[in-house]
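Have a look at the structure below, then the notes.
As the structure lists them, so they are numbered: ligands from 1, and atoms in each ligand from 1.
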Amino acid sequence: MAETSEPQAPVASERWFRSLLTNISDTVSITDAAGRLLFTSGAPNNLLGYDTGFWSGREPMTLVHPDDLERALAGWERSMAEPGVEISEEVRMRSANGTWQDISVTGVNLLHDPEIGGIVVTSRNVTDLRRAQRLAASQARVLELIARSEPLPVVAEACLELLAENGVSGRSSIYLIEGDHLELSAGGAPVSLVEWMREAPPSPDRSLCDQAIATGGPVIAADVETVELSDGLRYIAENEGIRASWSQPILAISSALPVGSLSTLYDEVHEPSLHERQAADVSCSLMAIALERAETEAQLAHQALHDGLTGLPNRTLLLDRLDHALARRERNRADIALLFCDIDRFKVVNDSLGHNIGDQLLVAFAQRFRSVVAPGDTVARFGGDEFVVLIEDITSPTHAVQVAQELSEALAQPFLLPAGKEVYLTVSIGLANATDHRTGDAWLRDADAAMYRAKEAGRNRLAEFDTEMRDAAMVRLQVESDLRRAVDRGELVVHYQPVIDLRTGRISGAEALVRWQHPERGLLGPAEFIAVAEDIGTIHDLGRHVLEVAVTSMSELDPLRNGRPFQLGVNVSARQLSTGDIDRVVHSVLERTGWPGESLLLEITESALLHGIDGPMEEMTRLHELGVSLAIDDFGTGYSSLARLGHLPVDQVKIDQSFVAALDRAHDRLGRIVDAVLAIAEALGHQTSAEGVETTAQLDYLRRAHCDFAQGYLFSKPVPFDEFARLLESDPRW
Ligand code: C2E
Ligand code: MG
Ligand code: MG
């Protein structure tokens, strides 16, 4: 069983006290009234590195730094005047190796105490503590500069000050990597050395800084005479009186890769102390923080002015450049021009291929733009599929047109899609020369108006701005805002044009055609608003509305109740096909009205079925599966390949009216296309319908050629529902 023992009080002998005093970290000494040392606890050799013998009879005051002496003596005086009171001071004292050490001293005057009869002085070496504190304070100061986003050279200067404040005695400089060389950022390095580092070919023996960067660690030449140096460098060292050199790489925070170097040069042989190296480490990491932060800020600034996807200048930067270009033009009287480019039907491409591929296409587009446009000119991404080119040095009257042509040609090359497919895109371009424009904004609006004219004229072309376009642009803006409300306000009406079965000569169907009963402008045809509706997305509501009205109205008619076959044609826009809910819309309308699927003919214009894009095809297949009939509208205008036509799930081909019109002109070869289309359709097993039949000659021709259906002014213009119902009732024959 363990014996429980009381803790033993140490024996308070004189030896015990001596041992205690010698072993505590503070030094306890007693001096006489004149400051001479009477006793010391033995630690002074720890305190300043002197032998114990050194102290006997010594006046410690003689070791105090001259600048601190006055303060030290004042403390002494006070101690003399106020016996028994603790007086503290901190002074620098010379150590055995000649360096100054921070010593904290506390004295109590016990001259009156008969046991002591002297001044009791407790001293402690606080050099390391003070150094750490000083370094922390310097560091905080530099960090504050960084936090305030001061420019890099200012931070670099502060890092050099930090070194000087923290015991680095040589001449320090900071170099940063720029391109393939190191460039001086701050500090007083000799010019010859800076030039040398800038000009000599990149290699580690160019300088110790380059070596430090190559190795990723400090390179110290405590005596340059004993290290290997290239001739050039040795020459500089001798000329500039460089005796020692110390280089330390600055490593990036995130990647740890070298981004620069801190260099310190000495006139004498010098090995950096631990303390100096700590200061250099702090300095280098502060520089790294500052560099990283500057880079982030530069990135943010870049992001604010550039498009994240293509890296091109964005709308903000473009407007700024335009304003500057206009101002410069005032001064230089030079011609400048703007090209406003909009990719044709990009929304359809984007919707049907998916936005991922849409994005890739935009990036490829941007690259082609850049490859065509001169380096001094600006290519900006203005919006989704809109790009703007600012041409600043117009060299001839046709210069801008040439650039536009080159752009069209570059973009006409097919774009390769991931699965080895190709997509062909075209671009509509509006050109506006700077004339009386005061702001970039106004100038852009003109170029935009010209671009719109190019679209209206059939896309894939260039249109040059003229002042009439300004009015047209105003009208378009108005149309956009009116159209958004037109569906809700019930301003859209549907007219019907009869379709004739050419074998019987009787009406066998109708095409629903939308009109807009505009409150101010009267009845507007689709040409005035369908494209706008597609652009602003209203086409979905519009399409659903027409489908519902047409199917609901037709369900009320007698002939259907009599069981006579009747087909209702409704136009479907490419955008409706590409966004994927048309099949649900159709399904619900059929279900609600009981209208048979095969009696609904959805008409899709051929040009909507763009090369290389399968989106509409999938949607068409789904519609077909609902039992709905499908027609390719305006056939002959969209350059479909035969192979593609064979794969589409269609029932009918509608021959575009331009070809029908050509039938009347005896020598017009376009008329021969009608024969060709009829032959192709027959071969593929599709029904055929001819649009725009206006003359009996055309009718006769089509009949002889075994075209199945026809519609046109010869039979009837599109008419309101009631009128159509009466026409159907009268059952005319042609
Ligand atoms: P489309 O589908 O090819 O319609 C035939 C167009 O030819 C109609 O023009 C019609 O009025 C016109 N037309 C008919 N017979 C003749 C004729 O003998 N001579 C001439 N010169 N023209 C004739 P409209 O109504 O102006 O429609 C133009 C286009 O607008 C349509 O072409 C169609 O692509 C589109 N559209 C009409 N309604 C809708 C709709 O509800 N939705 C969609 N997405 N597009 C529609
Ligand atoms: Mg049609
Ligand atoms: Mg048509």
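- Counting only non-hydrogen atoms, the option in Leu513, Leu542, Leu492 that gets closest to atom 4 (O) of ligand 1 is Leu513.
- By the criterion of a heavy-atom distance under 4.0 Å, the side chain of Gln497, and not its backbone, is placed next to ligand 1.
- Contact annotation: Asn571 places an N, O or S atom under 2.8 Å from the Mg ion (ligand 2).
- In this structure, Ala710 and Ser689 approach most closely via the heavy-atom pair N-OG, 4.3 Å.
- Looking at Asp633 against ligand 1, only its side chain comes within 4.0 Å, counting heavy atoms.
- Taking a 6.0 Å sphere around CD of Gln517, one finds it holds more than 12 heavy atoms contributed by other residues, nucleotides or ligands.
- Of all the atoms in ligand 1, the ones that sit under 4.0 Å from a non-hydrogen atom of Glu694 are 17 (C), 18 (O), 19 (N), 20 (C), 21 (N).
- Proximity of Phe365 to Leu425: side-chain heavy atoms (C-beta onward) are separated by under 4.5 Å at one or more points.
- Of the candidates Ile604, Leu714, Asn571, it is Asn571 that places a heavy atom closest to atom 34 (O) of ligand 1.
- A cation-pi arrangement is present between Lys717 and Tyr713, with the terminal nitrogen or guanidinium carbon under 6.0 Å from the aromatic centre and inside a 45° cone about the axis.
- Ligand 1 places these atoms under 4.0 Å from at least one heavy atom of Glu691: 1 (P), 3 (O), 5 (C).
- Between Arg726 and Glu729, none of the side-chain N atoms (NZ, or NE/NH1/NH2) sits under 4.0 Å from a carboxylate O, so this pair counts as no salt bridge.
- On a distance-only criterion, Gln711 and ligand 1 share no N/O pair closer than 3.5 Å.
- Every atom of ligand 1 with a heavy atom of Val546 under 4.0 Å away is listed here by number and element: 41 (O).
- Side chains of Ser428 and Asp342: a donor-acceptor N/O pair is absent below 3.5 angstrom, by distance only.
- Close approach to Pro718 involves these atoms of ligand 1, each under 4.0 Å from a residue heavy atom: 11 (O).
- Taking any N or O of Arg515, backbone or side chain, at least one lies under 3.5 Å from an N or O belonging to ligand 1.
- Heavy-atom contacts from other residues, nucleotides or ligands closer than 6.0 Å to NE2 of His540 number more than 12.
- No other N/O/S atom of Asp633 lies as close to the Mg ion (ligand 2) as OD2 does.
- For ligand 1, the atoms sitting less than 4.0 Å from at least one non-hydrogen atom of Gln657 are 6 (C), 7 (O), 12 (C), 13 (N), 20 (C), 21 (N), 22 (N), 23 (C), numbered in the order shown with element in parentheses.
- Using a 4.0 Å cut-off to heavy atoms of Val693, the atoms of ligand 1 that qualify are 18 (O).
- Summary: OE1 is the N/O/S atom of Glu603 found nearest to the Mg ion (ligand 2).
- Close approach to Glu511 involves these atoms of ligand 1, each under 4.0 Å from a residue heavy atom: 1 (P), 2 (O), 4 (O).
- Considering backbone and side-chain atoms together, Ile539 places no N or O closer than 3.5 Å to any N or O of ligand 1.
- A salt bridge links Glu619 with Arg622: the closest approach of a Lys/Arg side-chain nitrogen to an acidic carboxylate oxygen falls below 4.0 angstrom.
- Of all N, O or S atoms in Glu511, the one lying closest to the Mg ion (ligand 2) is OE2.
- Counted by atom type alone, Asp651 and Gln687 present zero donor-acceptor pairs between their side chains at under 3.5 Å.
- Between the side chains of Thr426 and Asp344, a donor-acceptor pair is found at a separation under 3.5 Å.
- Aromatic ring orientation, Phe369 versus Phe387: parallel (interplanar angle below 30°, classes split at 30° and 60°).
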